[in-house]
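Numbered from 1 within each chain, the chains take letters A, B, ... in sequence-line order.
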Amino acid sequence: MSDQDKLKAQRHSLAHIMAYAVQTLWPEAKFGVGPVVENGFYYDIDLGETKISEEDFKKIETAMRQIINKDYPFEQFNLPVKEALDWAKKNKQPYKEELLNDLMRAGTTSAKDLDGAELGLPSGDSKVEDVSFYKCGDFTDLCRGPHAPSTGKTGAFKLMRIAGAYWRGKEGNPQMQRLYGVAFDTKEQLAAHLTMLEEAKKRDHRKLGVELDLFTFSDLVGPGLPLFTPRGTTIRTQLETFSQELQQAGGYERVWIPHISRSELYKVSGHYDKYPERFMVSSIESDDEFMMKPMNCPHHSQIYASKSRSYRDLPIRYMENTTIYRDEKHGELHGLSRVRAISQDDSHAFVRPDQIKDELSSIMGMVRDMYAILGLEWHAVLSLRDDSDKYLGDEKIWKTAEKALREVLIEQNVEHTIGEGDAAFYGPKIDIMVRDGLGREWQCATEQLDFVQPERFGLEYIDEKGNKQRPVMVHKALLGSVERFMSVYIEHTAGRFPVWVAPEQIRISSVNQEKATLDFVAKLREEAIKHDLRVVVDNGNESVGKKIRDAEKAKVPYMLVVGEKEIESGDVTPRIRGDLQVQEPQAMPYENFFKSVRNEAKSRVSRSSL
RNA sequence: GCCGAAGUAGCUCAGUGGUAGAGCGGCUGUUUUGUAAACAGCGGGUCGCAGGUUCAAAUCCUGUCUUCGGCUCCA
C-alpha cells in the first residue's frame, strides 16, 4: 500500500471514528456520507433540531480519542443488499437506506453517475448484490473501504469546522451538518499543515488589501462591489496594460462599449433566460427593458455586424478591459475572488474556419508569455464535447476545432487534462487554471470557440466566390477576471509585487529635517519621476529605524535613506526588499540607480538586477 | 439563496445589565534622528442598522444589513 493510500485509509477511518463518537453523544444521529477530502475527511450528519457548535469539538474529540485508545479493529463483512436494507431500517438510517437503494438500482451511489443512470446510460450489469460493511467497536457503517487495521492506527487529526451541506449537494434536499477534520500520519505533519494554514491566512488577499491599502468595500455601495484605492488601481492598470500589450502584438484592436443594453440583445444571443443573476435597469422614459451587461460578446458582435466584411478582413479582433455585472448569490461573494462587478480583459476574434488553428495557437502563445512573466504555476483543461445532443453548431467545424485545440496544446507542450463532455453547448474551450496561496485552483485565462452566437446574430463575411459565410467567434481572456486575478496574484506574491507592478516602487526617507536634506530629497524625487518611477517621499519627524520599518511593512521594493552622506557624495545606497536582493546593496550615483530601476520595471522582471 | 459564526475608534481587540476602553495608526509639540518602533500631549465611536424588554442595553429578545466558514454555482 502506498503512503498516499495508507493516509486515505486513515482519514476514512477517522471519519468513521468521528461518526462513532457522534453516535455515542447523540444516539439519534442519522448519517449521510463520510468521505476523504484533501487534507482530511468529513461526515454529513443529520441531528434534526440539535446543532453541533465548535464548542462541542472538544467533547467529540475526547470521545474519538477514547475510541482510538480502545484500538478496535476495523472488521469488514458483506451482506446481501436486502439484508443491508433491513439493517438501515432497523437502525433508523434513512440516508443509508437511500444509498442502498441506489446501489441496488444503479450499482453506484455517486450523484453524478446517477443522473446518467436516470437517462438510461450506465445500468444493468453494474447492479450489486452484496454490499460491504465495516464494523469497529459498536459502530457499523455501510462502506466500501479500505480502512486502517484498527482505530489506534489512524494518525493525528483535528476537527476544524462545521458547515451546512445539502444531502447529495441538491438544494431541495434536507440540510445536514458537515463536520470537517484534517488528518495526517504523524503529529509533525499535522502541525506543519496547521502552520501552513496560519501562513496562508497572513497572505489572504482580503487582509493584505487592507494592510497595503489596495481596495475596500462600502456597505452603502453594496456587497461584491470592490472600490480600488490609488495603490490598488495602479496594480490593476499595470496588469491590464500588460495584457493589452500582449494582445496588441497579436493583432487585437481596442474597442469600447456601454455597460448596459436593451434586454433584446440578450434575448437574441440566447443568454437572457440562461442568466437568472442578471441586473435589470428600469427606465421611466422608455418602454424598452434595459439590463447591465453580464458579458461582452453580444456587444462586440454588433461592432462586427455594423458593416459587411470580406474574407480578406478576417480575422477581426476586438479587445477591451471592461466590466460586466452579475447578481451573484449573496453567500458566494468572497473578497475579490467572487464579486458582482467583474472586470475582464476580454476579447473576441471573428475568424474563418480555416483560421481557427492559427488564432488558437497565437492565443496560447500569449498565455504562455503572460504567465511566464507573472511567475504563476498553471495548467490547461481542454473541454470537448461528448456523444450527447446538447451541442449546437456544425459537427464538422466542431471536429476541426477540437483537433486544432488538441494540436495547439501538444505543439506548445502545454501540460493539460481533458474533460470529455465539459464543452459549452456553443463550442469547445481551453481553460487555464492557476493555483493560489492555499493551493486552491482558479480559472483565469480562457480561450473558447463559439459557433452559436455568429448564427444567432447572423454574422457574415463574403468569401472569394462572393458567397456569404459564417465566421467563428473566438472568446479569450488572458487575466480572466481582473479582480479574481488580483486575489490570486496578491496571495501568490504575499503583497511583495515585482517592481513593474508595485504601486510604490521607491520610497525616499530623510534622515533629518534640515533644509539641505529636504532639498536633496526633493531633487531625488524629481529625478525619479523623470525616470517614470512611482516614488513616495517620507520626510516625517520619525527615527530612521521607524521609517525603515514603515517601508518594510508597505513592502516597497527600494528605499533610499537620505542624509549628509548622500548629499556629500551624490551617491545612494538602496535598501532592497528581501525577495529582490541578490547581492549586498552598493553605493552608486543616483542616476544609475534610477536608470536601473526603470529598466527593471520596463522589462517586467520579477527579480532585481541591481 | 441555505446552514453555522461574527460585527465595539482607520487597524487589532478588551469590555455580559449601571458614566464606552487599550495598543497601533492619525494630529500637535519636544527631539534632529543613519538601516525594522524616540518622548509627551491631543483628538477619534449613535458599540452595523431598526424595533422591543428594562428605572437603566454595547451587553437580553426580534428583525434586518454586512462580513467570515461551508453547501451550490461560477470569471
Report the nucleotide, chosen from B:U31, B:G69, B:G34, that has the shortest atom-to-atom distance to any side-chain atom of A:Gln513. B:U31
In this structure, how many angstroms lie between the P atom of B:G34 and the CD atom of A:Glu542, rounded? 13 Å
Could you tell me whether the side chains of A:Lys565 and A:Thr573 share a donor-acceptor contact shorter than 3.5 Å? no
Pair assignment for B:G69, Watson-Crick or G-U wobble, requiring both distances under 3.5 Å: B:C3
Hydrogens and angles aside, do A:Glu483 and A:Ser343 bring a side-chain donor and acceptor to less than 3.5 Å of each other? yes
Phosphate OP1/OP2 of B:G25: any A:Lys546 side-chain N/O under 4.0 Å: yes
With a 3.5 Å limit on both atom pairs, tell me what B:A40 is paired to, counting Watson-Crick and G-U wobble, or say none. B:U28
Would you say B:C2 has OP1 or OP2 under 4.0 Å from some side-chain N or O of A:His330? no
Is any side-chain nitrogen or oxygen of A:Arg575 closer than 4.0 Å to OP1 or OP2 of B:A36? yes
Are A:Arg326 and B:A75 close enough that a side-chain N or O sits under 4.0 Å from OP1 or OP2? no
Do you see a donor-acceptor pair shorter than 3.5 Å between the side chains of A:Lys476 and A:Ser347? yes
Proximity to the side chain of A:Val544 - top-ranked nucleotide from B:G1, B:G34, B:G69: B:G34
Can you tell me how far P of B:C71 sits from CZ of A:Arg338, to the nearest Å? 12 Å
What about A:Glu328: does its side chain form a donor-acceptor pair under 3.5 Å with the base of B:A75? yes
Does a side-chain N or O from A:Ser543 land closer than 4.0 Å to OP1 or OP2 of B:U33, or not? no
Taking the side chain of A:Lys329 as its heavy atoms from C-beta onward, which of B:G1, B:U67, B:A36 lies nearest to it? B:G1
Taking the side chain of A:Glu332 as its heavy atoms from C-beta onward, which of B:U72, B:G34, B:A36 lies nearest to it? B:U72
Please evaluate the base of B:C74 for a donor-acceptor partner in the side chain of A:Arg484 within a cut-off of under 3.5 Å? yes
Select base, sugar-phosphate, or nothing to describe what A:Glu564 touches, counting heavy atoms under 4.0 Å on all strands. base
Is A:Arg549 close enough to B:C24 that one of its side-chain N or O atoms is under 4.0 Å from OP1 or OP2 there? no
Whole angstroms only, please: what is the OH-P distance between A:Tyr166 and B:C71? 12 Å
Tell me whether the rings of A:Phe31 and A:Tyr43 are parallel (<30°), tilted (30 to 60°) or perpendicular (>60°). perpendicular
A:Tyr180 near the nucleic acid: base, sugar-phosphate alone, or nothing, with a heavy-atom cut-off under 4.0 Å? sugar-phosphate
Could you check whether A:Tyr426 and A:Gln448, counting side-chain N and O atoms only, form a donor-acceptor pair closer than 3.5 Å? yes
Closest nucleotide among B:C71, B:A75, B:G69 to the A:Arg178 side chain: B:C71
Please pick, from B:G34, B:G69, B:C71, the nucleotide with the shortest atom-to-atom distance to any side-chain atom of A:Ala165. B:C71
Polar atom pairs between nucleotides 41-45 of chain B and protein, under 3.5 Å, N or O only, would you list them?
none

In the structure shown, which nucleotide is the Watson-Crick or G-U wobble counterpart of B:U35, with both distances under 3.5 Å? none
When both distances are under 3.5 Å in a Watson-Crick or G-U wobble arrangement, the nucleotide paired with B:U46 is none
Under 4.0 Å between a side-chain N or O of A:His334 and OP1 or OP2 of B:G69? yes
Under 4.0 Å, counting only non-hydrogen atoms across every strand here, what does A:Leu333 touch: a base, just sugar-phosphate, or nothing? sugar-phosphate
Ignoring hydrogens and angles, state whether a donor on the side chain of A:Glu320 or A:His300 is under 3.5 Å from an acceptor on the partner side chain. yes
Contacts of A:Phe217 and A:Lys565 projected onto RNA chain B by closest heavy atom; the upstream (5') one is A:Lys565
Nucleotide nearest A:Asn541 (side chain, heavy atoms from C-beta), chosen from B:G69, B:A75, B:U33: B:U33
Return the 5'-most residue of the pair A:Asp219, A:Lys207 with respect to RNA chain B, ranking by each residue's nearest nucleotide. A:Lys207
